[in-house]
There are 2 protein chains.
Amino acid sequence: MRISELSRRSGVPSATIKFYLREGLLPAGRATAATQAEYSEAHLRRLRLIRALIGVRGLTVNATREVLNAVCEYEADIHQVLGLVLGARPVGEAVRSDDGPGAPDVNALVAHMGWQISEYAPARRVIAETLESLRSLGADFDWRTLIPYAQLARQTAVLDLDQLRDTDDLVERAERAVLLTVLLEPALLALRRMAQEHESALRHGT
Amino acid sequence: MRISELSRRSGVPSATIKFYLREGLLPAGRATAATQAEYSEAHLRRLRLIRALIGVRGLTVNATREVLNAVCEYEADIHQVLGLVLGARPVGEAVRSDDGPGAPDVNALVAHMGWQISEYAPARRVIAETLESLRSLGADFDWRTLIPYAQLARQTAVLDLDQLRDTDDLVERAERAVLLTVLLEPALLALRRMAQEHESALRHGT
DNA sequence: GCAATTAGATACTGGCACTATCCAATATGG
DNA sequence: CCATATTGGATAGTGCCAGTATCTAATTGC
């Protein structure tokens with residue numbers, strides 16, 4: 001398959017494919033001559049995955065590259081892949097996320113849930129920032145308010161990990177891990193918003 | 001309070017505050033002279049809310065303006081505010097989200113859950129796109145797989161709406177609705193990621 | 001009076017995700 | 001076997017967006 005067919009079958013302009021090649025998101029095709037390269041079905045799958053991560057999930061090109069590299073390098077170890085995808089392992093410039101304002105609250109929450117979470121997990125910082133914002137806005141909302149949400153998150157994670165059970169192919173399982181952790185995020189938020197609309201209608205008349 | 005004090009107390013550069021004024025995110029202060037305006041505590045709160053929506057949640061300036069306008073216009077009716085924040089009512093160029101590829105699956109899911117969801121809800125499109133992406137990537141994942149996630153989303157929404165009960169002040173309740181629907185989103189995703197890390201560790205040795 | 005500050009307008013910056021153009025080297029079909 | 005189209009690779013440009021910088025004229029507080 002040459003680039004024009006790859007473009008046609010994926011719906012991605014060839015200029016954009018070249019851009020992804022340049023950026024290292026898509027591995028180069030097998031060169032058959034100075035101005036000719038052969039692309040495989042794997043390239044097509046990878047390309048669709050890239051578009052999903054960037055278009056549906058809204059990742060940046062850099063974040064997408066890191067996720068894809070994680071999938072390739074640690075395809076054998078699903079926990080490693082998850083760790084890298086989740087940012088648990090320091091990838092680039094590692095920044096500890098367990099100090100700074102709000103960190104004690106996050107630690108309290110993590111401890112209350114009995115979770116073992118890396119100090120480098122960016123999720124820590126996200127929660128700390130959210131709590132800090134809510135506090136500065138005067139909402140009476142602290143880490144204790146998050147406990148029932150955390151319990152629901154735990155049930156969601158159990159669902160997620162269950163999906164990974166019955167797959168043998170390593171690459172496929174690693175990709176599936178990416179899909180479930182990263183690609184599902186906007187859909188989960190969308191479900192919550194629909195549920196809010198429903199619940200709000202229930203409580204306020206029609 | 002003049003702009004320099006507003007800047008100092010919020011930590012936002014005055015050039016950026018001027019930018020928000022220009023963009024209509026922040027209402028103009030009470031002008032006391034041609035080159036003098038007075039800002040109130042409400043401006044400070046609003047400014048912090050803007051920073052939270054843009055910085056923590058990652059909204060664009062345009063999306064932030066729409067959310068803030070919704071809060072101001074419909075502060076009396078929490079369901080209206082939620083509707084506008086969730087995009088249920090057509091705000092700008094209304095696009096029906098209940099057709100196109102993937103829409104039948106979304107309808108099936110919504111019907112299965114017994115939800116009443118506006119045809120204009122952007123959440124419909126998000127879920128349709130996600131399902132479509134997953135399908136084109138070859139994952140055996142359809143709307144039925146989303147059912148348990150939807151049930152968890154429903155429990156989350158119940159939690160959300162419970163938070164809105166005991167607040168009398170209209171503006172405060174409207175702002176709280178925004179905080180809970182919009183600002184909590186990254187925190188919920190972060191909780192899920194931490195829960196995944198924990199669950200993954202549980203299942204794969206250490 | 002006079003340095004410091006301000007509102008408001010205009011122009012600029014930097015980052016990002018592409019997109020367009022060009023070139024030399026092929027491939028293809030009549 | 002040659003004319004035309006396509007390709008890989010490099011380089012430069014586009015459009016958007018969030019924020020910054022600069023300038024001017026008016027005003028303030030010492």
Side-chain angles (χ1 to χ4, degrees), chain A residues 1-40 43-44 46-68 92-93 129 182, chain B residues 1-40 43-44 46-68 92-93 129 133 182 186:
Chain A
M1 179 174 10
R2 294 185 289 276
I3 202 175
S4 61
E5 189 178 351
L6 189 61
S7 168
R8 191 179 46 73
R9 288 182 58 187
S10 64
V12 179
S14 53
T16 305
I17 295 177
K18 288 181 178 182
F19 170 69
Y20 292 153
L21 288 167
R22 268 201 311 284
E23 291 292 320
L25 299 192
L26 197 60
R30 188 176 51 84
T32 61
T35 66
Q36 221 70 26
E38 183 71 14
Y39 300 96
S40 65
H43 285 92
L44 184 58
R46 169 63 69 99
L47 186 52
R48 285 206 250 255
L49 181 56
I50 292 169
R51 291 307 285 215
L53 291 175
I54 291 178
V56 177
R57 175 55 238 283
L59 289 189
T60 67
V61 165
N62 283 335
T64 305
R65 180 172 37 236
E66 285 182 19
V67 168
L68 293 175
E93 62 307 340
E129 282 177 6
V182 180
Chain B
M1 174 170 22
R2 293 187 288 277
I3 201 174
S4 60
E5 189 178 350
L6 189 59
S7 169
R8 191 180 45 75
R9 288 181 58 188
S10 64
V12 179
S14 53
T16 304
I17 295 177
K18 289 181 179 181
F19 170 68
Y20 292 153
L21 289 166
R22 268 201 311 283
E23 292 291 321
L25 299 191
L26 198 61
R30 188 175 52 83
T32 61
T35 66
Q36 223 70 24
E38 184 71 13
Y39 301 95
S40 65
H43 285 91
L44 184 58
R46 168 64 69 99
L47 186 51
R48 285 206 249 256
L49 181 57
I50 292 168
R51 290 306 284 212
L53 291 175
I54 291 178
V56 177
R57 175 56 236 285
L59 289 189
T60 66
V61 166
N62 283 335
T64 304
R65 179 170 39 235
E66 286 183 18
V67 168
L68 293 175
E93 61 308 338
E129 282 177 6
S133 287
V182 180

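Residue numbers begin at 1 in each chain, while the letters A, B, ... track the order of the sequences.
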Step-by-step side-chain contact (heavy atoms from CB on, under 4.5 Å) determination, B:Ile54 to B:Tyr20: CA-CA 11 Å; B:Ile54 291 178; B:Tyr20 292 153; 4.0 Å; yes
How long is the line joining CD of A:Glu23 and P of D:dG9, in whole Å? 15 Å
Outermost nucleotides of DNA chain C that come under 4.0 Å of a non-hydrogen atom of chain B: C:dT6 to C:dT10
Residue A:Arg65 excluded, over 12 heavy atoms near CZ under 6.0 Å: yes
d(CZ, A:Arg22; C1', D:dG13) in whole Å: 12 Å
Result for 5'-nearest mapping on DNA chain D, choosing between A:Ala33 and B:Pro13, is A:Ala33
note: B:Ile50, atom CD1; D:dA18, atom C1'; distance rounded to Å ~ 13 Å
From CA spacing to verdict: side-chain contact (heavy atoms from CB on, under 4.5 Å), A:Val12, A:Ile50: CA-CA 11 Å; A:Val12 179; A:Ile50 292 169; over 6 Å; no
Rounded distance (Å) that lies between atom C1' of D:dA12 and atom CZ of A:Phe19: 14 Å
Protein-nucleotide distance (A:Lys18, atom NZ; D:dT6, atom P), rounded to Å: 13 Å
Base, sugar-phosphate, or nothing: which does A:Ser4 touch, judged by heavy atoms less than 4.0 Å apart? sugar-phosphate
Passes side-chain contact (heavy atoms from CB on, under 4.5 Å), B:Val61 versus B:Phe19? Steps please. CA-CA 10 Å; B:Val61 166; B:Phe19 170 68; 4.2 Å; yes
Over how many whole Å does the gap from A:Ile17 atom CD1 to D:dG9 atom P extend? 13 Å
Counting only side-chain N and O atoms of B:Thr16, is one of them less than 4.0 Å from OP1 or OP2 of D:dA18? no
Using a cut-off of 4.0 Å on non-hydrogen atoms, how would the nucleic acid contact of A:Ala15 be classed: base, sugar-phosphate, or nothing? base
Within residues 51-61 of chain B: residues closer than 4.0 Å to DNA chain C (heavy atoms): none
Does a side chain donor of either B:Tyr39 or B:Arg46 reach within less than 3.5 Å of an acceptor in the other side chain? no
Side-chain (B:Ser7) to main-chain (B:Ile3) donor-acceptor, under 3.5 angstrom: no
Verify side-chain contact (heavy atoms from CB on, under 4.5 Å) between B:His43 and B:Ile17, making sure each step is shown before the conclusion. CA-CA 10 Å; B:His43 285 91; B:Ile17 295 177; over 6 Å; no
Within this structure, what is the CZ-to-C1' distance between B:Arg2 and D:dT28, rounded to whole angstrom? 8 Å
Can you find a donor-acceptor N/O pair under 3.5 angstrom joining the side chain of A:Arg8 to the base of D:dT6? no
Taking the nucleotide of DNA chain D with the nearest heavy atom to each, does A:Ala34 or B:Thr35 sit closer to the 5' end? A:Ala34
